[in-house]
Peer 1: 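Submitted below is the structure of interest, expressed as structure tokens.
To find a chain, count down the sequence lines: A is the first, B the second, and so on, and within it residues start at 1.
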Protein chains: 2
Amino acid sequence: MSLKFILLGLLDQPRSGYDIKQIFEGTLKNFWNAELSQIYPLLSKLEREGYLESDLVDSSHGPRRRIYHRLAQAETELFDWLASEPDMPVARIGYLAQMFFMEKVSPKQRCGFLHRLRERFEQQHRFLSGLTAQYPLEDFEQNTPSQDDPQASSERYLARVLTMHHGVLRLKALIDWCDLCLCWFDRLPKNS
Amino acid sequence: MSLKFILLGLLDQPRSGYDIKQIFEGTLKNFWNAELSQIYPLLSKLEREGYLESDLVDSSHGPRRRIYHRLAQAETELFDWLASEPDMPVARIGYLAQMFFMEKVSPKQRCGFLHRLRERFEQQHRFLSGLTAQYPLEDFEQNTPSQDDPQASSERYLARVLTMHHGVLRLKALIDWCDLCLCWFDRLPKNS
DNA sequence: GCTCATTATATCAATAGTTATATAGTCATG
DNA sequence: CATGACTATATAACTATTGATATAATGAGC
């Protein structure tokens with residue numbers, strides 16, 4: 001259900017489905033993803049339901065673009081969604097499912113698995129740390145955030161920068177967890 | 001795809017679909033969930049495909065139970081799954097999507113949202129901390145884990161106890177993140 | 001004897017998400 | 001002028017998950 005509200009939220013300015021996909025590939029991929037094959041049908045459904053309107057606009061770089069903008073009903077439901085309870089995800093963590101059965105395999109294979117997992121977390125952590133470094137929290141204390149900074153278009157919003165910090169803290173904890181696992185698997189008596 | 005392997009993995013001893021659902025409600029809900037309406041059809045599909053066999057067994061407390069046990073093919077594919085790359089979940093975190101648009105609402109509403117979120121994390125953290133306290137990591141250093149402890153049936157496995165620690169560390173980081181958000185929203189100039 | 005909780009299996013409809021494929025215009029490279 | 005990369009929209013087929021409902025046996029409390 002969240003995808004509907006993410007699309008409505010992103011249409012604070014007119015955008016096409018393709019534009020929205022670019023945003024998913026960037027800032028949003030930290031907490032959501034959607035394919036074009038999910039975005040296009042949902043946009044046209046939301047138009048049929050009276051949340052959006054669209055215009056066809058010629059493009060200088062390809063076929064005509066369908067640009068959506070949101071209507072009053074979209075605003076109303078967006079506010080309702082933001083006022084509702086925090087949407088807690090149903091945990092579905094594939095690598096933990098594998099971990100749950102790891103006792104079945106050799107100590108060597110177990111450690112290989114955890115090292116590969118740790119490396120993935122490290123990569124993501126490095127990427128997000130670099131990104132947050134571009135938007136120091138201290139900048140939000142001043143009354144006038146630096147309008148002249150071209151990068152600060154939508155990342156000017158404190159709430160959005162804080163979603164990046166979520167990833168940084170979460171990934172740091174997961175790297176520590178990998179180290180904890182490797183440490184205790186190492187202490188395990190050899191015969192198991 | 002993971003659900004298939006979770007079912008095959010849990011059938012290291014004969015169980016019914018109902019039994020498996022009980023396990024999801026317990027230890028597994030930390031990293032996966034499945035409804036009976038997903039478990040029953042998948043079990044019968046896995047039987048048709050030659051991974052499982054089942055027997056109908058009379059119950060003293062209700063209708064006949066269909067007890068599944070796994071076959072050789074299941075073992076093979078389980079090992080392949082454990083030897084494959086860590087299954088990284090596609091991030092889909094509803095409350096972060098809400099957070100991303102939180103700049104739209106009042107400071108008071110924002111803080112209310114974060115306090116409710118923090119309370120949920122606290123609850124889960126308390127639950128998992130209590131659970132892990134029952135299975136101290138130090139017990140796994142001894143060569144003979146305490147067989148006489150009736151609780152230590154399947155939680156005797158170090159890998160399974162470590163999946164619980166994953167939740168503890170993750171939730172601790174998320175509580176810290178809520179505090180960070182509350183702290184910085186508070187420092188924000190009043191006019192925004 | 002009735003109701004309710006628990007045990008137990010099964011199916012259906014609907015929603016959500018993934019993968020593959022078709023179509024088409026523009027632009028750069030060789 | 002053919003090929004590939006990028007922009008752009010759209011749909012079909014499939015898999016995964018959720019929510020609702022039907023059925024039925026047992027035991028406890030009233």
Peer 1: Find which nucleotide of DNA chain D each of A:Arg65 and A:Pro41 is nearest to by heavy atoms, and output the residue with the more 5' nucleotide.
Peer 2: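 Upstream on the strand: A:Arg65.
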Peer 1: Measure from the side-chain N and O atoms of B:Trp81 to the backbone N and O of B:Thr76, and report whether any donor-acceptor pair falls under 3.5 Å.
Peer 2: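 The answer is no, because no donor-acceptor pair under 3.5 Å joins these two groups.
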Peer 1: Looking at the side chain of A:Pro63, which of C:dT9, C:dT18, C:dG25 is the nearest nucleotide?
Peer 2: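 Nearest to the side chain of A:Pro63 among the choices is C:dG25.
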Peer 1: Starting at atom CZ of A:Arg64, determine the distance to atom P of C:dA24, rounded to an integer number of angstrom.
Peer 2: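 Whole-Å distance recorded here is 12 Å.
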Peer 1: Return the value, rounded to whole Å, for the distance between atom CD of B:Glu35 and atom P of C:dT15.
Peer 2: 17 Å
Peer 1: Can you tell me how far C1' of C:dA16 sits from CE of A:Met1, to the nearest Å?
Peer 2: 10 Å
Peer 1: Run the numbers on A:Asp87 and A:Ser2 for side chain to side chain donor-acceptor pair (under 3.5 Å), then give the verdict.
Peer 2: CA-CA 8 Å; A:Asp87 181 353; A:Ser2 296; 2.8 Å; yes
Peer 1: Only one of A:Phe100, A:Phe121, A:Phe101 passes ring-ring contact (aromatic ring centres under 6.0 Å, His included) with A:Tyr95; say which it is.
Peer 2: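 That would be A:Phe121.
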Peer 1: Taking OP1 and OP2 of C:dT9, is either one under 4.0 Å from a side-chain nitrogen or oxygen of B:Tyr40?
Peer 2: yes
Peer 1: As a quick check of understanding, evaluate side chain to side chain donor-acceptor pair (under 3.5 Å) for A:Ser59 and A:Arg65, giving each step before the final call.
Peer 2: CA-CA 6 Å; A:Ser59 162; A:Arg65 294 158 51 77; 5.4 Å; no
Peer 1: Please tell me if B:Ser59 has a side-chain N or O lying less than 4.0 Å from either OP1 or OP2 of C:dT7.
Peer 2: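 Negative; the distance criterion is not met.
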Peer 1: Tell me the interatomic distance from B:Leu46, atom CG, to D:dT15, atom P, rounded to whole angstroms.
Peer 2: 13 Å
Peer 1: What is the separation between atom CG on A:Asp58 and atom C1' on D:dA8, rounded to the nearest whole Å?
Peer 2: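 Atom-to-atom, A:Asp58 to D:dA8, this comes out as 13 Å.
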Peer 1: Without swapping roles, check the side chain of A:Glu25 against the backbone of A:Lys21 for a donor-acceptor pair under 3.5 Å.
Peer 2: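 A pair under 3.5 Å: no.
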Peer 1: Taking OP1 and OP2 of D:dA10, is either one under 4.0 Å from a side-chain nitrogen or oxygen of A:Ser44?
Peer 2: no
Peer 1: Does a side-chain N or O from B:Arg15 land closer than 4.0 Å to OP1 or OP2 of C:dA8, or not?
Peer 2: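 No, outside the criterion.
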Peer 1: Both B:Gly17 and A:Ser60 contact DNA chain C. Taking the nearest nucleotide for each, which residue is further toward the 5' end?
Peer 2: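 That would be B:Gly17.
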Peer 1: To the nearest angstrom, how far is A:Ile20 atom CD1 from D:dT7 atom C1'?
Peer 2: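 These atoms are roughly 16 Å apart.
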Peer 1: OP1 or OP2 of D:dA16 less than 4.0 angstrom from a side-chain nitrogen or oxygen of A:Arg92, does that happen here?
Peer 2: no
Peer 1: Could you give the CG-to-C1' distance, from B:Leu56 to C:dT9, as a whole number of Å?
Peer 2: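 Checked: the CG to C1' distance equals 10 Å.
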Peer 1: Could you state the CD-P distance from B:Gln38 to D:dT17, rounded to the nearest angstrom?
Peer 2: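 So the two atoms are 5 Å apart, to the nearest Å.
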Peer 1: I want to check one thing: is the phosphate of D:dT7, taken as OP1 and OP2, less than 4.0 Å away from some side-chain N or O of A:Tyr18?
Peer 2: yes
Peer 1: Return yes if the base of D:dG19 and the side-chain atoms of B:Ser37 contain a donor-acceptor N/O pair under 3.5 Å, otherwise no.
Peer 2: yes
